Asker: 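Right, I'll just put the structure down here and ask away after.
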Amino acid sequence: MLPYSWIIPLFPLISFVAIVFFTNRKPKLSSLVSIGAICLSFLFSLIVLGMVLKNPVTSEFKFTWIDLLGLKVQMGMLIDPLAAVMLLVVSTVSMLVHIYSVGYMEGDPRFSRFFSFLSLFSFSMLGLVIANNFFEIFIFWELVGLTSYLLIGFWFEKKVAADAGKKAFITTRTGDLGFIIGILILTTAAGTFNFTEIFHQVEAGHVSAGLLTLSAIFLFGGAVGKSAQFPLHVWLPDAMEGPTPVSALIHAATMVAAGVYLVARTITIYLAAPDAALVVASIGCFTAFLAASIGLVQNDIKRVLAYSTISQLGYMIMVLGLGGMTAGIFHLYTHAFFKALLFLGAGSVIHAIHTNDIWEMGGLYPKMKTTAITFIIASLSISGIFPLSGFWSKDEILAVASHYPNPIFLIVGILVAGMTSFYMFRLCFVTFFGKPRDQHKFEHAHESPKVMTIPLMILAFLAVFAGWVGIPWLKHGFSSFVYHHHPHHVEPDFLLMLISTIVALSGIYLAYAMYYKKSISPEKLKEKFAFPYKVLYNKYYFDELYHAIIVNPLLRLCDRLFVKFDLGVIDWLVNAVGNFTVFLSDIKEWFDSHIVDGMVNGTAYVTRGVGSGLRKVQTGQVQTYAFVIFFGLVLIILFKLG
């Protein structure tokens, strides 16, 4: 089976082609084709995982694609425990999102197009996971960027959605520039694009420390863009303008996880370049705190989840930089399920009351019990409450941070855990409990159809139990499976577990006191801390700052330099060439009219004059011809005699 793992991404590619060329005008058939394809990918991913579980070794299959003038590029697959886990995560979440989308996108005029984009995205992400070299992974990396642009801006008739798509595309391309520079530096030094060959050279010390550090930092630029890390985090919240299933698929479980996967896949490089690893850990730590603090005060249900995603990705990046490869992937694995559940739950709420503003919600629990219960389960899981999935993965991150000499990573990790539980249960209490704030919307609220709630229930089950495979007392659990080359096992720290749980419960209690019990007034706190609140609500003014120092100066530069250069120089040259051409045309026209035509007409006039004279000789009278002959004869005789 392993040599044929390439068919896993092939199924959604076939689905994309089939929808575009054959079923585009048949929405129901398009959805069935797309769902059927991703279900097959899920089934084969399960088979691959089962085979790798039996024999957890690396299997690589490759062939030469380009061999020209010393450039040798191979294409192929790398199947190992890390790839097997990612295949399962991507295919599982994609499959459930596909099914959920049937209900959420019902009636949309571009229903078939949406499913074709979902299929193309799934193909891109699955291809990225099994790539065995930097050249191949970059191709799929860019395909993921393209499909995310198409899905974020799917409702392009809305300016905010179109702008969000462009913002995501341009921002992530900025990180990709660093990514491709890192690839060029590393592959030039190693002489190959292949992961395994590069890692062997790195471990053998054949790549200089300076080049290795430089390439590792540039490679991380790609992860910063895709996984929305500081300072390229600004695109992810705006990307919530796309349909909610897109938010769940791309911006919770798969695309944004691509950056984390890249760092995990190249962990050998970062272990050999500690300075670059420290940069990675620092960026992740800062991003986790930054995004969590912004999420405390946001009012858009999807934006709260967006900043939560950025914060959790920061967690993963931080622990990868600290050398905890399995802890980062374990959290990516659990996060995929509970974050997809949170986004789909938010979509269920939006589908019912047609607003994203949590302050227009309230009291929805009795009317949407399935959505509410599953959403609360996901909130408990992301908060790290025992024994849900998030508890095990979050505590493994904190355990790795506790072994690092600098305590700042552990302190920030615990603080972010408390902030996470607070803003998630602020969201729960405001949305599902209390009195309805908009009576009209409340009256029309209803539970979503089963095609939407069944995926919620499946994800809720996974949000509770999926993390149990990483219970630290399991000697052959998640950690030892994923990192089979170097068995890595974090000993459980009961004191740390207790502290993190107390912090998480404290955050939940504070949200309960402020937004359910009302024993603490949020309004008074807002007045008391008006300036910090304003800064957090406006997201530290990053968008305004970027517009002030990057966007607006570039626009002014374009206006003053390029626009004026275009008008003053380029257009002048174009007009000058045009005027000169007209001048040449006028000269040509005069020459043609007066010289060429004059010569032709003059020849005609002479010919006609001569003809007119000769015409008089041709009288047609015999006596005239006889007289002329006689007269000519006389002249000849006289000429001879003379």
Side-chain angles (χ1 to χ4, degrees), residues 82 86 128-129 131 133-138 140-142 144-145 168 170-190 193 195 198-199 202 207-236 255-291 309-329 331-332 397 400-401 404 406 409 412:
L82 174 59
M86 283 298 297
L128 185 153
V129 169
N133 64 79
F134 279 109
F135 193 92
E136 184 178 351
I137 201 173
F138 188 78
F140 285 108
W141 190 273
E142 294 305 305
V144 168
I170 294 170
T171 305
T172 53
R173 292 294 79 70
T174 304
D176 292 349
L177 175 62
F179 186 22
I180 196 169
I181 291 173
I183 291 174
L184 293 175
I185 294 173
L186 185 60
T187 55
T188 301
F193 288 99
F195 289 144
I198 290 175
F199 298 158
V202 169
V207 181
S208 68
L211 281 179
L212 194 62
T213 300
L214 186 63
S215 63
I217 291 174
F218 275 114
L219 288 174
F220 181 57
V224 168
K226 277 287 189 291
S227 291
Q229 297 296 285
F230 171 84
L232 300 180
H233 64 284
V234 292
W235 67 269
L236 185 61
M255 174 188 165
V256 293
V260 178
Y261 175 73
L262 174 66
V263 178
R265 172 57 72 196
T266 57
I267 193 67
T268 302
I269 296 173
Y270 291 97
L271 292 177
D275 291 338
L278 182 59
V279 171
V280 172
S282 301
I283 292 292
C285 180
F286 181 75
T287 303
F289 176 81
L290 178 80
T309 298
I310 298 172
S311 180
Q312 296 301 306
L313 291 167
Y315 253 153
M316 302 172 206
I317 293 292
M318 179 188 76
V319 77
L320 287 171
L322 298 178
M325 185 271 217
T326 56
I329 292 300
H331 198 57
L332 183 153
I397 290 175
V400 172
Y404 195 78
N406 192 331
F409 298 105
V412 171

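Note that the numbering runs from 1 along the sequence shown for the chain. The figures that follow rest on heavy atoms only: side chains count, while hydrogens, waters and symmetry mates do not. What you see is a predicted model; the values in this text were computed from it and never measured.
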Asker: With rounding to the nearest 0.5 Å, note down the distance linking CG in Leu332 to CD1 in Ile317.
Answerer: 9.5 Å

Asker: How close do Ser311 and Ala291 get, heavy atom to heavy atom, and via which atoms?
Answerer: N-CB, 3.6 Å

Asker: So how far is it from Ile329 CD1 to Tyr261 OH, rounded to the nearest 0.5 Å?
Answerer: 8.5 Å

Asker: Under 3.5 Å, is there a donor-acceptor pair between the side chain of Trp235 and the main chain of Ile170?
Answerer: no

Asker: For Ala223 and Gly259, which heavy atoms make the closest approach, and how far apart are they?
Answerer: CB-O, 3.5 Å

Asker: To the nearest 0.5 angstrom, please state how far the CD1 atom of Ile181 sits from the OG atom of Ser215.
Answerer: 12.0 Å

Asker: Taking ring-ring contact (aromatic ring centres under 6.0 Å, His included) as the test, write out the residues that go with Tyr404, two or more places apart.
Answerer: Phe409

Asker: Test Thr268 against Phe195 for side chain to side chain contact (heavy atoms under 4.5 Å, CB included), laying out the working first.
Answerer: CA-CA 10 Å; Thr268 302; Phe195 289 144; over 6 Å; no

Asker: Side chain to side chain contact (heavy atoms under 4.5 Å, CB included) for Asp176 and Lys226? Distances and angles first, verdict last.
Answerer: CA-CA 8 Å; Asp176 292 349; Lys226 277 287 189 291; 3.7 Å; yes

Asker: Under the side chain to side chain contact (heavy atoms under 4.5 Å, CB included) criterion, do Thr266 and Leu186 qualify, and how do the steps go?
Answerer: CA-CA 12 Å; Thr266 57; Leu186 185 60; over 6 Å; no

Asker: Which atom pair, heavy atoms only, marks the closest approach of Val202 to Ala272?
Answerer: CG1-CB, 3.5 Å

Asker: Do you know the tightest heavy-atom contact between Phe230 and Thr287?
Answerer: N-OG1, 3.0 Å

Asker: Report the C-alpha distance between Val280 and Ile217 in whole Å, list the side-chain angles of each, state the deciding distance to 0.1 Å, and finish with yes or no for side chain to side chain contact (heavy atoms under 4.5 Å, CB included).
Answerer: CA-CA 8 Å; Val280 172; Ile217 291 174; over 6 Å; no

Asker: Under 3.5 Å, is there a donor-acceptor pair between the side chain of Tyr270 and the main chain of Ala216?
Answerer: yes

Asker: Any chance you could measure His331, atom NE2, to Leu320, atom CG, to the nearest 0.5 Å?
Answerer: 11.0 Å

Asker: Could you grab the distance from atom CD1 of Ile283 to atom OG of Ser227, nearest 0.5 Å is fine?
Answerer: 13.0 Å

Asker: Pick from Phe179, Phe135, Phe134: which one makes a ring-ring contact (aromatic ring centres under 6.0 Å, His included) with Trp141?
Answerer: Phe179

Asker: So do Met325 and Leu82 actually touch side chain to side chain, heavy atoms under 4.5 Å?
Answerer: yes

Asker: If I compare all heavy atoms of Ala281 with all of Leu322, which pair ends up nearest, and what's the gap?
Answerer: CB-CD2, 3.8 Å

Asker: Could you tell me the separation between the CZ atom of Phe138 and the CG atom of Asn133, rounded to the nearest 0.5 Å?
Answerer: 12.5 Å

Asker: What is the minimum heavy-atom distance between Ala327 and Val319, and which atoms define it?
Answerer: CB-CG2, 3.8 Å

